Visitor: 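Please see the structure below; I have some questions.
Computed from a predicted structure; not experimentally measured.
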Amino acid sequence: MKKRFLFLSLCMALAGTVGAQVKKNVNTDPYPYGNPVIRHMYTADAAPHVMPDGRVWMITSVDHENGGGYSTMHCYHAFSSSDMVNWTDHGEIFHVNDIRPKDAPASDKWAVWAPDFIYKDGKYYLYIPIRIQHGAESSQEKRKVTAYLAVAESNSLTERFKVLAPQIKETRGIDPAVFRDTDGKIYLYWGSHMAAQLKDNMYEFVGKPVKLDVDTDRFMEAIWMNKHDGKYYLSYHTKYGNKIDRKQPDDPNRKPSELAYSVGDSPMGPFKYGGVMNYELGVGVKNGPKLPGYDYVPWRLTQSNHGGIVEYHGQEYLFYHTSALSSWRQDRFKGPGTWTQRSVCIDKLNYRKDGSIVPVKQTIEGVAAVKINQPAVVNLALKQAALSDGESVSVSKVNLGTGYYYFSAEVSGVKAPLKIEIRTGSADGKLLGTLLAKKDGYVDTSLIDANGKQTICLKAVGGDVQVSACRFFAGNVK
């Protein structure tokens with residue numbers, strides 16, 4: 001961990017240097033390309049998820065308009081889209097001053113870095129990496145840094161989040177990622193590939209955190225978890241060299257700044273190294289502007305990346321960031337832009353037949369607009385079913401189209417916490433998601449791979465229960 005913080009300190013030192021030299025954003029002409037997708041401000045570290053309203057939402061870090069490096073990252077914005085192309089800015093939903101104690105020393109620099117969030121039981125939970133640089137600027141060796149995770153909650157992604165736990169015990173480090181598996185368990189990942197299962201209160205752990213086996217010594221930060229075809233894909237940013245030679249940006253002797261991934265059969269691993277998910281920024285970008293005198297885009301000279309993955313109606317997408325907008329706003333693509341004035345880009349993520357990821361093709365155009373032709377809700381043709389522990393009921397020919405992302409039901413007769421599994425085909429078929437019922441009333445959960453025409457089977461596990469008003473939703477925008 002000591003080496004980890006020394007590396008972060010080095011990054012901060014470099015960021016401070018870049019911030020001191022940042023050019024002013026004098027060009028106000030409209031940005032001429034599709035990537036990045038947010039163009040009225042600087043955004044980074046996107047955390048994308050489909051929410052119960054059927055839209056893709058992302059919460060992002062915000063880089064300061066005047067530069068200044070990573071220590072000036074003080075707030076988060078929420079954005080949403082129904083087609084992956086047109087995004088609505090819902091404004092600031094959290095600021096460092098919402099958590100910074102009023103009696104904190106004035107010399108301490110507080111910042112909030114790459115976030116993640118999740119919906120659960122009618123509330124939204126925002127996981128926040130707190131980074132505190134203590135005292136005045138000093139040399140790398142003398143700089144003292146504290147880093148840990150906090151969590152805030154809100155009733156809506158358009159409302160300001162309020163702090164639920166100002167510091168999650170046993171967390172040290174940055175870059176949280178939160179993931180709900182189809183069995184209903186929720187996991188938190190952070191820092192140097194640490195992980196733990198979350199308790200129901202969303203800020204305590206079931207057991208002790210563990211350090212994951214990721215089968216590589218190049219893991220640095222920006223951890224993310226997604227599930228595809230029954231496998232668990234842990235992606236991350238690799239350790240990299242700190243300078244790119246503009247005459248030889250592909251120098252094989254320099255460690256490249258990449259997004260890589262490892263694959264496992266469990267959300268807690270072990271994982272086997274899978275390869276590169278996203279090459280260095282600007283690699284292979286066609287049809288874009290060229291750095292004067294060179295055959296590559298200007299932002300090819302910048303590093304640092306952070307990935308987030310979401311599946312939306314049959315296609316997975318990688319969210320990452322570049323300095324393309326900064327390059328445009330500063331000097332119309334004549335320079336690389338500023339490392340710490342980043343902007344979110346989106347491109348398609350695909351897999352080979354063997355499950356390996358095809359390295360993402362970075363584009364200047366961005367992705368095509370998603371068109372959805374199905375209702376927002378599919379009601380299950382099941383008025384009411386009484387299920388004993390281990391019993392199931394099925395409904396055939398349920399058309400889930402290009403995808404539904406949540407399932408809900410009304411439950412009664414609950415005497416102790418139990419589960420209702422949502423499966424396809426049979427009681428032992430593919431698990432799409434799990435309702436966790438603690439008491440009578442409404443209950444819902446997220447789903448993975450709920451698409452196509454299916455026989456849907458509901459199975460009670462751990463107790464007897466009556467279910468009614470069952471529905472799949474978030475299959476389109478209401």
Visitor: Using every non-hydrogen atom in the two residues, find where P209 and E170 come nearest and quote the distance to one decimal.
Guide: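 Shortest heavy-atom separation between P209 and E170 comes out as CD-OE2, 3.7 Å.
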
Visitor: Are P115 and S61 packed together at the side-chain level, in the sense that at least one heavy-atom pair is separated by less than 4.5 angstrom?
Guide: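 Touching, per the 4.5 Å side-chain cut-off.
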
Visitor: Tell me if the aromatic rings of Y233 and Y351 count as close, with their centers under 6.0 Å from one another.
Guide: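 Ring centres of Y351 and Y233 closer than 6.0 Å.
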
Visitor: Considering only heavy atoms from C-beta outward, does the side chain of F94 approach that of S154 to under 4.5 Å?
Guide: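 Side-chain contact under 4.5 Å: no.
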
Visitor: Could you go step by step and tell me if E159 and Y124 meet the side-chain hydrogen bond (donor to acceptor under 3.5 Å, both in side chains) rule?
Guide: CA-CA 10 Å; E159 297 177 3; Y124 300 85; over 6 Å; no

Visitor: Less than 4.0 angstrom from a charged side-chain N to a carboxylate O is my criterion; do D295 and K290 meet it?
Guide: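 Between K290 and D295 there is a salt bridge, with a charged N closer than 4.0 Å to a carboxylate O.
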
Visitor: Do you know which of Y125, W224, Y317 makes ring pair (Phe, Tyr, Trp, His ring centres under 6.0 Å) with H49?
Guide: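 Of Y125, W224, Y317, ring pair (Phe, Tyr, Trp, His ring centres under 6.0 Å) with H49 is met by W224 alone.
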
Visitor: Output yes when R300 and D250 qualify as a salt bridge under the 4.0 Å nitrogen-oxygen rule, no when they do not.
Guide: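 Looking at R300 and D250, the cut-off is met.
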
Visitor: Evaluate side chain to side chain contact (heavy atoms under 4.5 Å, CB included) for Y294 paired with K247, printing each intermediate quantity in order.
Guide: CA-CA 8 Å; Y294 298 92; K247 294 182 179 180; 4.1 Å; yes

Visitor: Would you give the length of the straight line joining atom CG of L188 to atom CG of L149, rounded to the nearest 0.5 angstrom?
Guide: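 It is 6.0 Å, given to the nearest 0.5 Å.
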
Visitor: How far does OG of S235 sit from CG of L349, to the nearest 0.5 angstrom?
Guide: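 So the OG of S235 and the CG of L349 are separated by 8.5 Å.
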
Visitor: Hey, what do you get for NE2 (H90) to CZ (F79), rounding to the nearest 0.5 Å?
Guide: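 So the NE2 of H90 and the CZ of F79 are separated by 9.0 Å.
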
Visitor: Report the C-alpha separation of R39 and S343 in whole Å, then their side-chain angles, then the decisive distance to 0.1 Å, and conclude whether the side chain to side chain contact (heavy atoms under 4.5 Å, CB included) test is met.
Guide: CA-CA 8 Å; R39 297 182 280 273; S343 299; over 6 Å; no

Visitor: Between G335 and P298, what is the shortest heavy-atom contact and its length?
Guide: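 For G335 and P298, the tightest heavy-atom pair comes out as O-CB, 3.1 Å.
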
Visitor: How many angstroms lie between CZ in F472 and CG in N451, if you round to the nearest 0.5 Å?
Guide: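 Rounded to the nearest 0.5 Å, the CZ-CG separation comes to 10.5 Å.
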
Visitor: Report yes if the side chains of L198 and F205 come closer than 4.5 Å at any heavy-atom pair, otherwise no.
Guide: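 Of all side-chain heavy-atom pairs linking F205 with L198, at least one is under 4.5 Å.
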
Visitor: Is it the case that the side chains of S304 and Y70 hold a donor-acceptor pair, with the cut-off being a distance below 3.5 Å and no angle test?
Guide: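 Result is yes, a qualifying pair exists.
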
Visitor: One pair to check against side chain to side chain contact (heavy atoms under 4.5 Å, CB included): L212 and M194. What are the steps and the verdict?
Guide: CA-CA 6 Å; L212 302 175; M194 299 298 295; over 6 Å; no

Visitor: Do D347 and Y320 have side-chain heavy atoms sitting under 4.5 Å apart?
Guide: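 Yes, close enough: below the 4.5 Å cut-off.
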
Visitor: Can you measure from CG (D116) to CD1 (I128) and round to the nearest 0.5 angstrom?
Guide: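 With rounding to 0.5 Å, CG (D116) is 11.5 Å from CD1 (I128).
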
Visitor: Determine the minimum heavy-atom distance between A47 and F117, stating which atoms define it.
Guide: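 Closest pair (atom of A47, atom of F117, distance): O-CE2, 3.1 Å.
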
Visitor: Taking side chain as C-beta onward, heavy atoms only, is Y33 less than 4.5 Å from T363?
Guide: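 No, side chains not in contact.
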
Visitor: Could you pull out all residues at least two apart from T182 that satisfy side-chain contact (heavy atoms from CB on, under 4.5 Å)?
Guide: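 Per chain and number, T182 pairs via side-chain contact (heavy atoms from CB on, under 4.5 Å) with K227, L431, I448.
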
Visitor: Do any pairs count as a salt bridge (Lys or Arg N to Asp or Glu O under 4.0 Å) and have a residue in residues 265-275, sequence neighbours left out, and if so which ones?
Guide: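 Pairs touching residues 265-275 that pass the test: K231-D265.
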
Visitor: Is there a side-chain contact between Y405 and Y312, using heavy atoms and a 4.5 Å cut-off?
Guide: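 In short, these two side chains touch, coming nearer than 4.5 Å.
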
Visitor: Should T60 and V344 be marked as a side chain to side chain contact (heavy atoms under 4.5 Å, CB included) after you check the CA-CA gap, both sets of side-chain angles, and the distance that decides it?
Guide: CA-CA 8 Å; T60 74; V344 173; 4.2 Å; yes

Visitor: Decide if the gap between the ring center of F161 and the ring center of Y76 is smaller than 6.0 angstrom.
Guide: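 Ring centroids of F161 and Y76 are no less than 6.0 Å from each other.
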
Visitor: Hey, are Q315 and N350 close enough side-chain-wise for a donor-acceptor pair under 3.5 Å?
Guide: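 Result is yes, a qualifying pair exists.
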
Visitor: Minimum heavy-atom separation for Y148 and P166, please, with both atom names.
Guide: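 The pair with the smallest heavy-atom distance is CE1-O, 3.4 Å.
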
Visitor: Just checking, is any N or O donor in the side chain of T43 or H321 under 3.5 Å from an acceptor N or O on the other one?
Guide: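 Note: T43 and H321 side chains miss the donor-acceptor criterion.
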
Visitor: Is the shortest side-chain heavy-atom distance between E280 and I244 below 4.5 Å?
Guide: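 Side-chain contact under 4.5 Å: yes.
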
Visitor: Output, in order, the C-alpha distance, side-chain angles, deciding distance and verdict of salt bridge (charged side-chain N to carboxylate O under 4.0 Å, His left out) for D29 and R332.
Guide: CA-CA 9 Å; D29 288 347; R332 297 178 181 271; 2.5 Å; yes

Visitor: If the threshold is 4.0 Å, N to carboxylate O, is there a salt bridge linking E153 and K120?
Guide: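 No.
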
Visitor: Should the pair H95 and H74 be assigned to parallel (<30°), tilted (30 to 60°) or perpendicular (>60°) ring geometry?
Guide: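 H95 vs H74 ring planes: tilted.
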
Visitor: Should the pair R342 and W339 be classed as cation-pi, given the thresholds of under 6.0 Å to the six-membered ring centre and 45° from the axis?
Guide: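 Verdict for W339: no cation-pi partner in R342.
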
Visitor: What's the spacing between Y236 OH and E258 CD if we round to 0.5 Å?
Guide: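 If we round to the nearest 0.5 Å, Y236:OH and E258:CD are 10.5 Å apart.
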
Visitor: Once side-chain hydrogen bond (donor to acceptor under 3.5 Å, both in side chains) is applied, do any residues pair with E365, and if so which ones, sequence neighbours excluded?
Guide: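 Testing E365 for side-chain hydrogen bond (donor to acceptor under 3.5 Å, both in side chains), a comparison that skips the adjacent residues, returns N287.
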
